[in-house]
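Input: a single structure, listed below in structure tokens.
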Amino acid sequence: MHPSEYEHLTPAQAIAYQHELRKQINICPLEKQITNIAGADISFNKYSDVVYAGIVVFSYPDLKVIGTSTAVGKTKFPYISGLLAFREVPALLEAWQNLKTKPDLLVLDGQGTAHERRTGIATHFGLIADVPTIGSAKSRLWGRFEEPIDQPFAQSPMFDKSELVGIALRSKRNCNPIYISPGHKVSMEQSVEIIKNCIRGYRIPEPTRQAHNLVNKIRVEAGDNNSQTNMFD
DNA sequence: GCGACAG
DNA sequence: ATCTTGTCGC
């Protein structure tokens, strides 16, 4: 199924599709040397169905920006916890296709396997674009865990029953942890190691942090900021 | 029935 | 997610 068709799905059909995707997930060590890495994010006005997607590519591990790409699209699929991918993946895929050179790995703002059906947006995108991905979320969706101690890089496993589905990582002191989980074609351990290498003094790792800044900027430049009305109301 | 609930 | 002022803590 192509992402452009997601908007026609009912929540029940979207969940059925996640069950199909789950069968194809491949969580294993990425053997290839990582030379570049990218971060992706979406920005939108809550009173509009326009979404701004953006990807920032960096060299790795020095994290110098080596490219960006953006895409603007519309979405009819509402935000439903657990079905985020159906709302954001279409525009993200467009931005991905606009990229000249694809990175070795992509970090997305949301969960990977730390999801009820292991199909968070990072896993979902990794599968449909066939690219290694990592999910880095700002809040928890699935998985039980104990608060990691308040020390940089302290971590705590997240479990679904006895299965390890993610890692709560303290990326910065006095800040809430971030929730890391592999998306596709990368291991849990590698995911955490890579994200640690992308922390630069902020709670959010550089790939996602800068992608967020980029999409927010293009949304404001497009004039799609604030206001619940427009000039013709 | 009640609480939880990525962005 | 987005909007938004002040405020608490390091």
Side-chain angles (χ1 to χ4, degrees), chain A residues 3 6-7 11 14-15 18 21-22 39-55 72-93 95 106-126 133-145 149-152 158-160 165-184 191 195 201-205 207-209 211-230:
Chain A
Y6 291 174
E7 56 182 307
I15 289 172
Q18 290 185 324
L21 288 178
R22 182 176 189 167
D41 196 17
I42 289 282
S43 178
F44 60 90
N45 179 318
K46 66 173 180 174
Y47 299 103
S48 152
D49 56 5
V50 178
V51 295
Y52 301 82
I55 296 176
V72 182
K74 290 197 175 193
T75 180
K76 290 297 182 191
F77 204 94
Y79 168 69
I80 298 172
S81 180
L83 303 181
L84 176 67
F86 296 89
R87 179 177 169 74
E88 304 196 343
V89 163
L92 286 176
L93 183 61
L106 181 67
V107 182
L108 290 97
D109 191 1
Q111 322 294 342
T113 58
H115 180 282
E116 182 175 8
R117 290 170 291 279
R118 310 292 179 271
T119 48
I121 188 168
T123 302
H124 190 127
F125 191 90
T133 55
I134 294 175
S136 174
K138 297 182 294 300
S139 57
R140 187 205 73 99
L141 171 65
W142 199 259
R144 305 183 53 157
F145 72 103
I149 61 173
D150 196 13
Q151 287 290 317
M158 300 171 73
F159 295 103
D160 179 347
V165 296
I167 295 285
L169 175 71
R170 185 82 62 186
S171 52
K172 183 179 180 182
R173 210 182 163 191
N174 290 319
C175 286
N176 288 322
I178 54 177
Y179 306 85
I180 311 303
S181 55
H184 186 52
S191 297
I195 293 300
Y202 295 92
R203 179 168 83 115
I204 308 303
T208 334
R209 196 179 73 81
H212 185 274
N213 288 341
L214 172 66
V215 294
N216 225 20
K217 193 172 139 193
I218 64 170
R219 180 174 60 85
V220 171
E221 285 174 348
D224 195 1
N225 60 310
N226 198 1
S227 86
Q228 311 165 214
T229 61
N230 66 48

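All chains are named by letter (A, B, ...) in the order of the sequence lines, taking the proteins before the strands, and each is independently numbered beginning at 1. As the structure is a prediction and not an experimental result, all values here were calculated from the model. Just so you know, these numbers use all the heavy atoms, side chains as well, and skip hydrogens, waters and symmetry mates.
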Roughly, in whole Å, what's the span from [atom1] in [X] to [atom2] in [N]?
{"X": "A:R170", "N": "C:dC10", "atom1": "CZ", "atom2": "C1'", "value": "15 Å"}
{"X": "A:L83", "N": "B:dG7", "atom1": "CG", "atom2": "P", "value": "15 Å"}
{"X": "A:E116", "N": "B:dA6", "atom1": "CD", "atom2": "P", "value": "13 Å"}
{"X": "A:R219", "N": "C:dT2", "atom1": "CZ", "atom2": "P", "value": "6 Å"}
{"X": "A:N213", "N": "C:dA1", "atom1": "CG", "atom2": "C1'", "value": "15 Å"}
{"X": "A:K217", "N": "C:dA1", "atom1": "NZ", "atom2": "P", "value": "19 Å"}
{"X": "A:N176", "N": "C:dG9", "atom1": "CG", "atom2": "P", "value": "16 Å"}
{"X": "A:I42", "N": "C:dA1", "atom1": "CD1", "atom2": "C1'", "value": "11 Å"}

Taking all non-hydrogen atoms of both residues into account, name the closest pair between [X] and [Y] and its distance.
{"X": "A:A122", "Y": "A:G112", "value": "CB-CA, 3.8 Å"}
{"X": "A:R170", "Y": "A:I149", "value": "NE-O, 3.3 Å"}
{"X": "A:F77", "Y": "A:A14", "value": "CZ-CB, 4.1 Å"}
{"X": "A:T123", "Y": "A:G183", "value": "OG1-O, 3.0 Å"}
{"X": "A:A40", "Y": "A:I55", "value": "CB-CG1, 3.8 Å"}
{"X": "A:S136", "Y": "A:I180", "value": "OG-CD1, 3.6 Å"}

Check your understanding: Can you name the residues that form a ring pair (Phe, Tyr, Trp, His ring centres under 6.0 Å) with A:H124, not counting sequence neighbours?
Key ->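 Ring pair (Phe, Tyr, Trp, His ring centres under 6.0 Å) list for A:H124, sorted by chain: A:Y6, A:Y17, A:F86.
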
Study note, to complete from the structure: In DNA chain B, consecutive runs of at least three Watson-Crick or G-U pairs below 3.5 Å, as range with range, amount to none

Check your understanding: A:K76: what forms a side chain to side chain donor-acceptor pair (under 3.5 Å) with it, not counting sequence neighbours?
Key ->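 Scan of A:K76 (side chain to side chain donor-acceptor pair (under 3.5 Å), adjacent residues dropped) gives A:D49.
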
With the side chain of [X] defined as its heavy atoms from C-beta on, choose the nearest nucleotide among [options].
{"X": "A:D41", "options": "B:dA6, C:dA1, B:dG7", "answer": "B:dG7"}
{"X": "A:L84", "options": "C:dC10, B:dG7, C:dC3", "answer": "B:dG7"}
{"X": "A:S139", "options": "C:dT2, C:dC3, B:dA6", "answer": "B:dA6"}

What does [X] touch in the nucleic acid at a heavy-atom separation under 4.0 angstrom: a base, only the sugar-phosphate, or nothing?
{"X": "A:H124", "result": "nothing"}
{"X": "A:L108", "result": "nothing"}
{"X": "A:G135", "result": "nothing"}

Listing time: all N or O pairs from protein to nucleotides 2-5 of chain B that are below 3.5 Å?
residue: B:dC5; atom: OP1; partner: A:R140; partner atom: NH2; Å: 3.1
residue: B:dC5; atom: O3'; partner: A:S81; partner atom: OG; Å: 3.3

Check your understanding: Taking only Watson-Crick and G-U wobble pairs with both distances under 3.5 Å, what dot-bracket line describes DNA chain C, where [ ] shows pairs that cross earlier ones and | shows pairs with another strand?
Key -> ..........

Practice item. Determine, stepwise, if the pair A:L21 / A:R117 fulfils side-chain contact (heavy atoms from CB on, under 4.5 Å). Key: CA-CA 9 Å; A:L21 288 178; A:R117 290 170 291 279; over 6 Å; no

[X] side-chain N/O to [N] phosphate OP1/OP2 under 4.0 Å:
{"X": "A:K138", "N": "B:dG7", "answer": "yes"}
{"X": "A:N225", "N": "C:dC3", "answer": "no"}
{"X": "A:K46", "N": "B:dG7", "answer": "no"}

Review point. With a cut-off of 6.0 Å (strictly less than), are more than 12 heavy atoms of other residues, nucleotides or ligands near OH of A:Y202?
Key: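 No - once you tally the heavy atoms of other residues, nucleotides and ligands closer than 6.0 Å, there are 12 at most.
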
Practice item. Return the 5'-most residue of the pair A:N174, A:D224 with respect to DNA chain C, ranking by each residue's nearest nucleotide. Key: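 Checking each residue's closest nucleotide, the 5'-ward one belongs to A:D224.
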
Just the atom pairs and distances: protein N or O near nucleotides 4-7 of chain C's N or O, under 3.5 Å.
residue: C:dT4; atom: OP1; partner: A:N226; partner atom: ND2; Å: 2.6

Practice item. Check the pair A:I178, A:I204 against side-chain contact (heavy atoms from CB on, under 4.5 Å), reporting the backbone distance first and the verdict last. Key: CA-CA 8 Å; A:I178 54 177; A:I204 308 303; 4.3 Å; yes

For [Y], does its backbone N or O pair with a side-chain atom of [X] as donor and acceptor, under 3.5 Å?
{"X": "A:H115", "Y": "A:G82", "answer": "yes"}
{"X": "A:T133", "Y": "A:H184", "answer": "yes"}
{"X": "A:R203", "Y": "A:P177", "answer": "yes"}

Review point. Can you name the one residue among A:N216, A:D41, A:D224 that meets side chain to side chain donor-acceptor pair (under 3.5 Å) with A:Y52?
Key: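 It is A:D224; the other options fail the test.
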
